[in-house]
Amino acid sequence: MSEENVESPAANAVGGSEDASGSEAGRGSDGPSTPDRALERLEPALLVAVGGFAGAALRHAAAVALPGGFPWGTLAVNVAGSFALGVLLYEARLTGQLGARTRLVLGTGFLSSFTTYSTFAVQTAALAPPLAVANAAANYALGFAAVLVGHAAVRSVVAPEVAR
Amino acid sequence: MTPYLLVGAGGVLGALSRFAVGAWLPGRRRDTLAVNVLGSFALGALTVGLADGSALLTALGTGFCGAFTTFSSFAVETVELHEDGATRVAVGNAAVHLVGALLAVALGGWTATAVAG
């Protein structure tokens, strides 16, 4: 799966002028293999990588900034990230104004790396039983509520458009 | 390297790996469960096997495993199941995630102890 087409460099210098609208459509053309096409294939991974770097680093910043003892940092990023991903994906589902690139860099890249399940699980396992139950309940209840609030927020903003 | 660079670099690899699993395991909930259980196993093993505060634990644990697994996708998918009327599936998804991840953490720690001898 690692085929790379890097022949005929600089064959067309004007590639990329067609995405002026910023929409995700217009990918169906079956042109010849050029470096532009290779870059186009790499683009999703680059978007995910950029978002992943920022999301993980910011999660670390939250863990450092918030007091220790109880895993407040993980709770904070999980709730905030769930709200934001709820808004992002629900908006894309209702109106589709946010394109595939936005979903990749912000959703798959940034927010999915900003939030974490493994750290939540390890921290829960390390807590004394009453605190472990409290931590799991807080992450679940507040995380789900955050998604619901995010959906409601999107509906209140775009519902007039969608429902007409 | 600062901790932020270590975490960020691990985060890049974690996010790309999760993206790759998503491409191999189509179906949103299945790939989320797979990365979360697998990542919890790995973080359980790393936490037991590596010294607290080491650069490797920062990069692989906080960076890679933290970014490979995701809470936000899990939460959105679970809530959307409920909103689509499949509330029992949503509850099952939430429970399987929690039990699966906690068991994976324990199994990872046990594996690291066994390997370290």
Side-chain angles (χ1 to χ4, degrees), chain A residues 44-61 63-64 74-75 77-86 88-90 93 104 107-126 132 136 139-140 142-148 150-151, chain B residues 2-20 22-23 32 35-44 46-47 58 61-80 82-83 90 94 97-98 100-106 108-109:
Chain A
L46 288 174
L47 292 172
V48 170
V50 167
F53 186 98
L58 207 61
R59 167 164 44 77
H60 185 59
V64 170
T74 305
L75 178 63
V77 297
N78 281 350
V79 173
S82 295
F83 168 79
L85 191 67
L88 180 75
L89 295 184
Y90 201 60
R93 190 161 117 180
L104 275 178
T108 312
F110 181 78
L111 292 171
S112 292
S113 301
F114 182 57
T115 64
T116 174
Y117 204 98
S118 56
T119 308
F120 156 71
V122 165
Q123 287 169 338
T124 302
N139 272 268
Y140 268 46
L142 297 178
F144 295 152
V147 176
L148 288 168
H151 284 189
Chain B
T2 74
Y4 288 98
L5 278 181
L6 290 170
V7 171
V12 168
L13 295 180
L16 286 174
S17 303
R18 172 165 37 72
F19 187 48
T32 304
V35 295
N36 283 347
V37 171
L38 215 64
S40 296
F41 172 87
L43 188 60
L46 290 169
T47 306
T58 302
T62 310
F64 182 86
C65 292
F68 182 61
T69 61
T70 170
F71 192 92
S72 52
S73 297
F74 154 74
V76 166
E77 287 159 15
T78 305
V79 166
E80 287 187 347
H82 165 69
E83 287 180 332
H97 259 83
L98 189 59
L102 289 175
L103 283 178
V105 167

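Each chain gets a letter, A, B and so on, in the order its sequence line appears, and its residues count up from 1. Remember, predicted model here, so these are calculated numbers, not experimental data. Hydrogens, waters and symmetry mates are skipped; everything else that's a heavy atom, side chains included, is used.
Taking the six-membered ring for Trp, A:Phe144 and B:Phe74 have ring centres closer than 6.0 Å.
Residue contact with chain B, scored on non-hydrogen atoms closer than 4.5 Å, is absent for A:Val79. Contacts of B:Thr62 with chain A are made by both backbone and side-chain atoms, with heavy-atom separations under 4.5 Å. Contacts of B:Val7 with chain A are made by both backbone and side-chain atoms, with heavy-atom separations under 4.5 Å. In this structure, the portion of A:Leu104 lying under 4.5 Å from any heavy atom of chain B is its side chain and not its backbone.
One distance of note links CZ of A:Phe53 with CG of B:Leu5; it measures 5.0 Å at 0.5 Å rounding. Atom OG1 of B:Thr58 is separated from atom NE2 of A:His60 by 6.5 Å, given to the nearest 0.5 angstrom. Distance check: B:Asn36 CG to A:Thr116 OG1 gives 8.0 Å after rounding to the nearest 0.5 Å. Between the NE2 atom in B:His97 and the CZ atom in A:Phe120 there is a gap of 10.5 Å [rounded to 0.5 Å].
Remark: the backbone N or O of B:Ala15 is not paired with any side-chain donor or acceptor of A:Ser113 at under 3.5 angstrom. The backbone N or O of B:Ala101 sits nowhere less than 3.5 Å from a side-chain atom of A:Tyr117 that would complete a donor-acceptor pair.
Contact count versus chain B (heavy atoms, under 4.5 Å) is highest, among A:Ala57, A:Ala61, A:Ser112, for A:Ser112. Taking B:Leu98, B:Thr78, B:Thr47 one by one and counting their heavy-atom pairs under 4.5 Å with chain A, the maximum is reached by B:Leu98. Chosen from B:Gly22, B:Ala20, B:Gly66, the residue pairing most often with chain A at heavy-atom distances under 4.5 Å is B:Gly66. Highest contact tally toward chain A, considering only B:Phe71, B:Phe19, B:Phe41, B:Phe68, is held by B:Phe71 [criterion: heavy-atom pairs under 4.5 Å].
A pairwise comparison of heavy atoms in B:Ala75 and A:Gly143 identifies CB-O, 4.2 Å as the closest pair. Counting all heavy atoms, side chain and backbone alike, B:Val105 lies closest to A:Ala125 at CG1-CB, 4.0 Å. Annotation for B:Leu102 and A:Ala121: closest pair CD2-O, 3.5 Å, computed over non-hydrogen atoms. The heavy-atom pair separating B:Ser72 from A:Leu111 by the smallest distance is OG-O, 3.3 Å.
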Exercise for review: Report the C-alpha distance between A:Thr119 and B:Cys65 in whole Å, list the side-chain angles of each, state the deciding distance to 0.1 Å, and finish with yes or no for side chain to side chain contact (heavy atoms under 4.5 Å, CB included).
Suggested key: CA-CA 8 Å; A:Thr119 308; B:Cys65 292; over 6 Å; no
